[in-house]
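Worksheet for the structure shown next.
For this chain, numbers begin at 1 and follow the sequence in order. Everything quoted here is computed from the prediction, not taken from an experiment. Hydrogens, waters and symmetry mates are skipped; everything else that's a heavy atom, side chains included, is used. One-based numbering, in listed order, for ligands and for the atoms of each.
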Amino acid sequence: MKLAVLYHSETGNTERVAEIVAQGANEVDNVEAKTMGIEELDDEFVEEAEAVIFGTPTYLANFSWQTKKWFDTEMDYDLSGKLGAVFATENYLGGGADMALLTMIGHMLVRGMVIYSGGAAEGKPYTHYGAVCIQDGDEDQQERAEIFGERVASKALELFA
Ligand SMILES: Cc1cc2nc3c(=O)[nH]c(=O)nc-3n(C[C@H](O)[C@H](O)[C@H](O)COP(=O)(O)O)c2cc1C
């Protein structure tokens with residue numbers, strides 16, 4: 001089962017976290033996770049993926065304008081019925097990553113995706129809306145991002161395999 005991790009990143013933090021999320025997903029048997037920047041997408045892989053995880057930097061307490069522009073004007077995949085999940089990076093605690101995640105989730109719902117975060121349902125670490133790292137994360141945040149990727153991949157297998 002394929003899982004795509006799509007991200008926008010200007011200075012590398014979100015790209016690094018995308019790699020960690022994908023690493024977690026790839027720890028699940030029968031899952032092939034691949035990271036892609038939104039400007040260098042593997043269309044065939046995304047179309048075949050049962051799950052798509054989106055990552056964004058936080059800009060002014062929301063998701064980045066580049067990601068928004070991509071969703072609004074370039075994104076023409078049929079995402080309906082795919083499992084969707086989100087993560088974000090920010091510079092400081094309370095910098096608005098939660099709003100970035102929720103706004104992005106709104107876009108994904110409009111596209112018909114089935115959204116999952118794990119929430120508190122899988123025990124600690126809790127991930128309410130999606131994984132968040134300060135810049136590219138300290139050790140604890142990176143571990144949480146990895147577990148998040150693993151959980152989303154496991155849920156996708158449970159739903160679609
Ligand atoms: C235009 C702009 C706005 C930003 N706004 C916020 C913000 O509101 N809150 C915050 O915590 N960080 C903010 N940041 C910092 C970025 O979210 C943070 O450095 C992020 O990890 C960058 O990701 P990247 O390295 O993948 O580009 C902003 C950065 C830029 C360039």
Item checked: Pair F71 and F54, ring centroids less than 6.0 Å apart -> yes

Notebook entry, point to check: Under 3.5 Å, side chain of R151 to main-chain N/O of Y116, donor-acceptor pair present?
Noted result: no

Item checked: Donor-acceptor contact present, side-chain Q142 to main-chain D136, <3.5 Å -> yes

Notebook entry, point to check: Counting N and O atoms only, with roles assigned by atom type, does the side chain of K82 sit under 3.5 Å from a partner on the main chain of E47, one being a donor and the other an acceptor?
Noted result: yes

Check: Of the choices Y92, W65, F63, Y59, which has the non-hydrogen atom that lies closest to atom 31 (C) of ligand 1?
Finding: Y59

Check: Of all the non-hydrogen atoms in the protein, which one sits nearest to atom 14 (N) of ligand 1, and at what distance?
Finding: T58 O, 3.2 Å

Next item on the list: Check whether any heavy atom of G12 sits under 4.0 Å from an atom of ligand 1.
Entry: yes

Item checked: Numbering as shown, the atoms of ligand 1 that approach E90 to under 4.0 Å (heavy-atom distance) -> 10 (C), 11 (O), 17 (O)

Checklist line | Closest protein heavy atom (residue, atom, distance) for atom 19 (O) of ligand 1 | finding: N91 OD1, 2.7 Å

Item checked: Side-chain donor/acceptor of E74 to backbone N/O of K69, under 3.5 Å -> no

Checklist line | Protein contact of atom 22 (C) of ligand 1 - nearest heavy atom, named by residue and atom, plus distance | finding: P57 CB, 3.7 Å

Checklist line | Closest to atom 24 (P) of ligand 1 (judged by heavy-atom distance), picking from L93, T11, N62 | finding: T11

Note to self: To check your reading of the model: name the closest protein heavy atom to atom 21 (O) of ligand 1, its residue, and the distance in Å.
What the structure shows: T89 OG1, 2.7 Å

Checklist line | Under 3.5 Å: donor-acceptor pair, side chain of S9, backbone of G12 | finding: yes

Next item on the list: For E10, counting its heavy atoms only, list the atoms of ligand 1 lying under 4.0 Å from any of them.
Entry: 24 (P), 26 (O), 27 (O)

Check: Which of the atoms of ligand 1 are close to T14, meaning less than 4.0 Å from one of its heavy atoms?
Finding: 23 (O), 24 (P), 26 (O)

Check: Do the non-hydrogen side-chain atoms of L3 and E32 ever get within less than 4.5 Å of each other?
Finding: no

Notebook entry, point to check: Any idea how H8 and Y59 line up, ring-wise: parallel (<30°), tilted (30 to 60°), or perpendicular (>60°)?
Noted result: perpendicular

Next item on the list: Below 4.0 angstrom from a heavy atom of L60, which ligand 1 atoms are there? Numbered from 1 as shown, please.
Entry: 3 (C), 4 (C), 5 (N), 6 (C), 7 (C), 8 (O)

Notebook entry, point to check: Where is the nearest protein heavy atom to atom 7 (C) of ligand 1: which residue, which atom, and how far?
Noted result: G95 O, 3.5 Å

